[in-house]
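Below, all heavy atoms of this structure are taken into account, side chains as well, without hydrogens, waters or symmetry copies. Per chain, numbering begins at 1; letters A, B, ... match sequence-line order.
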Amino acid sequence: MAGVAHVIVDVRTRQLDRPFDYAIPPRWQGRLAPGHRVYVPFGRQYCQGYVLSIDETASGPAKTLKPILAVLDEIPLFTPELLQLHEFVRDRTLCTHLEALQSMIPGAYRAHSVRRYRAVPGDPPALLSAAAERLWQELAARPQAFEPLVRKFGPDAALLLELWLSSGHVEERVEAEDAVRAQVVTVLVPSADAQTLQAAAAARARRAKKQAVLLTALARDKEVRLREAGIRPSDPAVQALVEQGLAVLQQQEVYRAPVAAALREHQPKRELTPAQAAALRAILQAMAAAAGQGVVLHGVTGSGKTEVYLQAIEACLAEGGGAIALVPEIALTPQMVGRFTSRFGQRVAVLHSGLSAGERRDEWLRVRRGEARVVVGARSAIFAPVEQLRLVVVDEAHESSYKQEERPHYDAREIAGWRARHNHAAVVYGSATPSMELLHAAEQGKLTWVSMPFRIENRPMPAVTIVDMREALRQGSRGLFSEALIHGLEAAVEQGQQALLFLNRRGYAAFVLCRGCGESVQCPNCDISLTLHRHGGEEWLQCHYCEYRQAVPEVCERCGEPAVRPFGVGTQQVEHALHERWPHWRVLRMDVDTTRRKGAHREAVERVLNGEVDVLLGTQMIAKGLDFPNVSFVGVIAADTMLNLPDFRAAERTFSLLTQVIGRAGRAEIAGQTVIQTYRPDHYAIQAAARHDFAAFYQTEQAYRQAFQYPPYCELAVFFASHEQESYARGAAARFERELRRLVAAPDAVVLPAAPSGIRRAKGQYRFQVVVKYSQWNRVKNAFASSYAAVSERMRKLGGSCSLDVNALHI
DNA sequence: AGCACGCCGACT
DNA sequence: GTCGGCGTGCTC
């Protein structure tokens with residue numbers, strides 16, 4: 001047989017991480033292409049697979065191959081570009097073929113086998129009971145799956161099926177089926193020309209009004225979607241038209257349209273400021289160069305980056321190209337989506353986790369079919385099958401959410417660069433606080449740096465006051481709010497404007513501590529303190545890692561003293577304090593606890609935009625991607641919460657978050673005021689953010705990174721082992737370290753000793769890690785791959801787990 | 001991952 | 001004497 005397909009089977013194990021060969025059935029020869037999804041027999045079972053490549057010329061095979069049973073999609077899900085990209089992802093993250101492939105397509109594309117049973121035409125078997133009689137009728141009518149039959153007829157159905165299968169009265173067929181399929185509606189379509197239809201409508205206007213209405217609609221619209229019209233397919237009027245040959249019923253696929261239309265702002269194309277125009281020119285130049293160039297767009301908050309993106313994408317479309325715009329999940333708000341849909345309408349597809357599986361499948365399919373040429377989406381949208389890709393925009397490019405924390409550990413920013421190079425397109429990394437990595441790449445001449453240092457319409461940057469909370473404490477102030485913060489809040493609210501209060505910690509208090517012995521209440525499963533929550537008159541302790549909950553102990557569990565007190569402020573406590581002090585203010589709290597419910601986030605944003613809120617209080621979710629024109633005051637309750645984390649990016653994240661929070665103030669006509677409360681007023685991250693002085697921050701931070709050899713002066717990899725038993729977790733990390741040291745050495749890599757992770761135990765699992773610094777991936781990747789292989793298999797058998805995050809963001 | 005093949009303890 | 005425990009090994 002001629003034609004062999006090399007297929008990756010959908011079985012998640014490293015042992016099967018290689019192509020398997022299958023025979024191409026005659027009717028698919030010449031039509032089956034790389035990227036097609038197929039259904040194949042594998043071992044004693046069936047599974048779906050992905051065609052990597054095809055060998056048309058394969059002559060007489062040494063062994064007889066099993067055949068492909070079915071091709072699951074009309075067009076290959078993977079374009080040639082995506083197949084090539086999957087090799088890059090595999091090489092860069094050391095994941096399997098399957099992991100790389102499946103991260104690129106919607107999860108809805110997963111076929112399961114369904115066995116259906118059908119009565120063989122001819123002599124029926126002896127039907128001994130009424131139930132058997134009915135079962136036989138059912139099987140004769142159409143093929144039936146096992147589960148519904150047993151549900152309907154009881155366990156006897158299984159016995160009868162078995163009997164009839166062996167006697168040959170019933171046959172079994174295995175079919176592949178996706179759990180999420182295309183949505184199908186019944187439509188009535190005309191089978192006569194418009195004139196005939198209108199004449200027929202006129203003739204029926206008196207005696208058959210419903211038929212007349214349908215005929216008129218058919219003449220006008222060429223189709224009637226019955227469900228939308230509230231008419232059943234069995235309606236006599238419909239049946240009559242079909243019988244008279246005027247119309248036929250058809251099943252038609254329809255797209256599930258996500259709610260992108262909501263909050264659609266009809267924003268006209270805006271006149272660009274000189275800085276915006278210069279930025280747009282730089283992007284268009286990079287596109288015209290067709291060399292996969294990258295541009296860093298450093299634009300202060302309120303400088304109008306989105307408008308630049310929109311106009312650059314317009315230029316793509318005008319040239320017949322396509323574009324992808326990546327936005328962090330947290331910023332992918334209806335507001336942001338609305339700006340794209342109002343500008344590009346149906347040419348935009350939206351891809352993010354808020355969509356249902358079916359919506360995501362349909363949006364993706366619109367892209368694959370070339371019907372949508374612009375994609376707006378979160379991280380995984382970087383794999384969208386846009387053809388003629390001319391531009392990739394990565395908005396808020398400093399955001400850590402572009403790195404996938406699960407396997408495969410890819411970084412969408414890096415994939416953006418790959419796709420730009422592959423397509424001879426351009427990539428834009430936009431941010432008010434570009435990362436140290438972007439800065440470093442620009443300094444080395446790998447990226448072009450463009451600045452938009454002013455806000456649109458020359459609005460001023462907010463005035464920032466730093467309040468030293470140590471000083472306030474010395475003066476006897478023990479409240480959450482300093483004088484400056486109180487003045488700012490009151491001034492804003494009294495003038496009918498809005499205020500925003502930021503605190504990066506949810507719950508009521510960070511932890512509870514016994515004043516008798518100094519012991520805090522710990523989570524029994526994790527190595528961290530429990531957080532105090534107070535809501536709706538109730539009070540409890542909660543773990544922010546594993547969701548464990550317990551009551552607050554009356555007395556200390558260690559020393560028995562009734563001296564358990566809350567410490568450290570959370571958003572619930574600030575909300576409480578606001579209510580106490582200003583009972584008539586309308587305060588809205590926004591954090592994970594208040595926005596968990598679907599749609600809650602959007603409702604909250606709408607309430608703020610509608611002016612139903614005086615003070616919006618929240619965690620970092622209020623700092624990003626939202627544009628509230630009536631906010632004139634921003635307060636930061638405690639700038640230090642992020643600064644004290646044991647992470648080499650703590651300063652960068654503080655600087656970035658503060659800059660963004662400050663930037664929420666004064667985005668429209670009103671001037672902005674800002675107060676930052678801190679115990680470390682002299683820290684360079686806080687100082688630089690307050691003075692809007694990016695250069696100063698970068699200079700200091702760069703010196704630290706270089707001195708301690710952290711990114712961007714190297715790359716980090718983190719091997720991670722976790723197990724219920726501490727010794728197994730430690731052992732796996734130690735073995736990985738030993739293995740890797742055997743294979744690489746300085747200067748290619750610096751292997752740090754195996755050590756417990758920041759949180760030694762989480763969800764009942766002990767966690768150990770090995771951190772490696774290296775600068776050239778190609779020189780170390782083989783060593784990583786084999787060291788990992790040496791440990792991971794055994795760890796899994798022991799009931800633990802391992803991971804290897806290459807190019808890791810934090811350790 | 002499944003599923004079978006294959007060698008040793010407690011039962012009809 | 002069997003039924004069944006789960007330790008290796010294979011899947012085009």
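Here the nucleotide nearest the side chain of A:Leu16, chosen from C:dC12, B:dA1, B:dA4, is B:dA1. Closest to the A:Val11 side chain, of the nucleotides B:dA1, B:dC3, C:dC12, is B:dA1. Side-chain atoms of A:Thr13 lie closest to B:dA1 of the nucleotides B:dA1, B:dC3, C:dT11.
When the shell of 6.0 Å around OH of A:Tyr788 is examined, it contains more than 12 heavy atoms from other residues, nucleotides or ligands.
Scanning all heavy atoms of the two residues, the minimum distance from A:Ala157 to A:Leu149 falls at CB-O, 4.1 Å.
The phosphate of B:dA1 has OP1 or OP2 within less than 4.0 Å of a side-chain N or O from A:Arg796. Put simply, A:Gln45 has a side-chain N or O that comes within less than 4.0 Å of OP1 or OP2 on B:dC3.
Judged by distance alone, the side chains of A:Glu715 and A:Tyr774 do bring a donor and an acceptor atom under 3.5 Å apart. With hydrogens and angles left out, the side-chain atoms of A:Gln48 and A:Tyr109 include no donor and acceptor closer than 3.5 Å.
Within the nucleic acid shown, A:Pro41 comes within 4.0 Å of sugar-phosphate atoms alone, with no base atom in reach, counting heavy atoms only. Base contact: A:Phe42 has a heavy atom under 4.0 Å from a base atom.
Nearer the 5' end of DNA chain B, as judged by each residue's closest nucleotide, is the contact made by A:Arg14, out of A:Arg44 and A:Arg14.
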